[in-house]
Amino acid sequence: MSETLSPLDEAGIRGAVAEAQTAFTAATTHEELKAARAAHIGDSAPITLANAQIRHLEKKDKPTAGKLLGAARKEIMAAFNAATERVDAAELERALATETVDVTVPVSAAPRGARHPLTTLANDIEDFFISMGWDIAEGPEIEHEWFNFDSLNFGPDHPARQMQDTFYVQGVETVGAKEGHGEPGAPTSSLEETEHLVLRTHTSPVQSRSLLSRGVPLYIACPGKVFRTDALDATHTPVFHQVEALAVDEGLTMAHLKGTLDHFARTMFGPDAKTRLRPSYFPFTEPSAEMDLWFPQKAGGPGWIEWGGCGMVNPAVLANNGIDPTRYTGFAFGMGIERTLMLRNSIADMRDMVEGDVRFSTQFGTTGRGI
Ligand code: PHE
């Protein structure tokens with residue numbers, strides 16, 4: 001800094017103001033602004049130093065000097081404030097431009113998993129039955145032949161027992177039964193524990209286990225894995241899921257069966273869905289029916305499509321499981337959960353559901369439960 005500016009040097013003061021204005025106008029960053037501020041407003045700035053000289057002036061000159069420097073300071077501060085605003089805005093603009101997120105850049109974060117839609121559908125199905133006050137029952141996947149077939153009135157020569165449908169199990173020491181051990185009519189001691197075991201071919205053995213362990217009145221549903229010796233293709237898989245429903249009480253009729261099926265169809269497929277029954281045969285129901293489903297959103301247009309099997313519990317099954325068939329009647333139905341998901345979500349290929357590609361599951365939402 002050269003000579004100290006006199007507080008009465010009007011031209012010099014105006015010059016200092018002009019210099020300060022130029023410096024602030026030229027500043028484009030906060031750093032430059034800070035330096036200009038130190039030079040023109042700081043302790044050693046010409047105006048500040050001149051201000052400090054006022055007290056050495058003669059009394060008569062003090063007001064003039066005070067006015068001059070006060071006005072100068074005001075102008076300099078205005079220039080500084082304007083520059084600060086401008087630089088703030090420019091820096092923000094720069095930050096926004098340089099810190100833009102490119103959403104197309106691939107990320108290396110570990111991908112999130114997703115609940116499988118079969119799991120969420122099975123949960124929804126359980127919720128449906130629980131909402132009617134029914135219980136959820138379970139049974140083992142490695143099942144005794146007696147529960148899978150005999151107790152359900154399959155004759156010894158029934159074709160479903162043949163090797164082409166059923167996986168027989170060897171060398172397993174215990175049956176992982178969760179319910180119904182030691183009940184009347186169960187496997188006799190003459191059978192080896194490791195013999196006559198199958199991978200259950202349907203969830204219907206849980207009918208027998210529940211009748212034996214829980215008694216009547218009985219209202220249970222059982223979603224679970226079942227196994228058949230099918231090759232994997234677009235419409236078959238050797239491991240799939242069914243849901244079994246069984247109600248046994250006094251006075252139950254086919255009207256209760258039909259009403260429950262329609263209610264289930266509406267819950268799963270929307271308020272316009274309905275069911276119809278076609279005569280059929282299962283050893284464990286009499287009469288038996290194939291159950292068809294109608295719903296407006298069916299792939300290929302609204303129409304009837306087979307959804308599951310059902311019927312009135314065969315009195316022989318009640319008797320096999322210790323229930324008096326002259327007093328109690330019941331109805332049962334069962335359907336594939338994969339099939340239900342395929343119908344509901346128009347999935348054309350069964351393999352999509354078993355291959356474990358997370359991209360399949362995420363289409364249904366990572367944790368979602370809705371349709
Ligand atoms: N268990 C039968 C099947 O696997 C379905 C069914 C269940 C039929 C209950 C009638 C009653 O095809």
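Whatever order the structure lists them in is the order used to number ligands and atoms, beginning at 1. It should be emphasised that the depicted structure is a prediction, and the values quoted were computed from it without experimental measurement.
Ring centers of F149 and H144: at least 6.0 Å apart, outside the cut-off. Checked against the 6.0 Å centroid threshold, Y168 and H196 do not count as a close aromatic pair.
F269 and W307 have perpendicular rings, their planes meeting at more than 60° on a 0 to 90° scale where under 30° would count as parallel. Between F154 and H158, the ring planes lie perpendicular to each other; the angle is over 60°, past the 30° to 60° tilted range.
Annotation: cation-pi pair R37/F80 present, NZ/CZ under 6.0 Å from the ring centroid and within 45° of its normal. Both tests do not hold together for R200 against F227: distance to the six-membered ring centre under 6.0 Å, angle to the ring axis within 45°.
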Do any nitrogen or oxygen atoms of ligand 1 lie under 3.5 Å from a protein nitrogen or oxygen, and which ones?
from: ligand 1; atom 1: 1 (N); to: H202; atom 2: ND1; distance (Å): 3.1
from: ligand 1; atom 1: 1 (N); to: S204; atom 2: OG; distance (Å): 2.9
from: ligand 1; atom 1: 4 (O); to: R228; atom 2: NH2; distance (Å): 3.0
from: ligand 1; atom 1: 4 (O); to: Q242; atom 2: NE2; distance (Å): 2.9

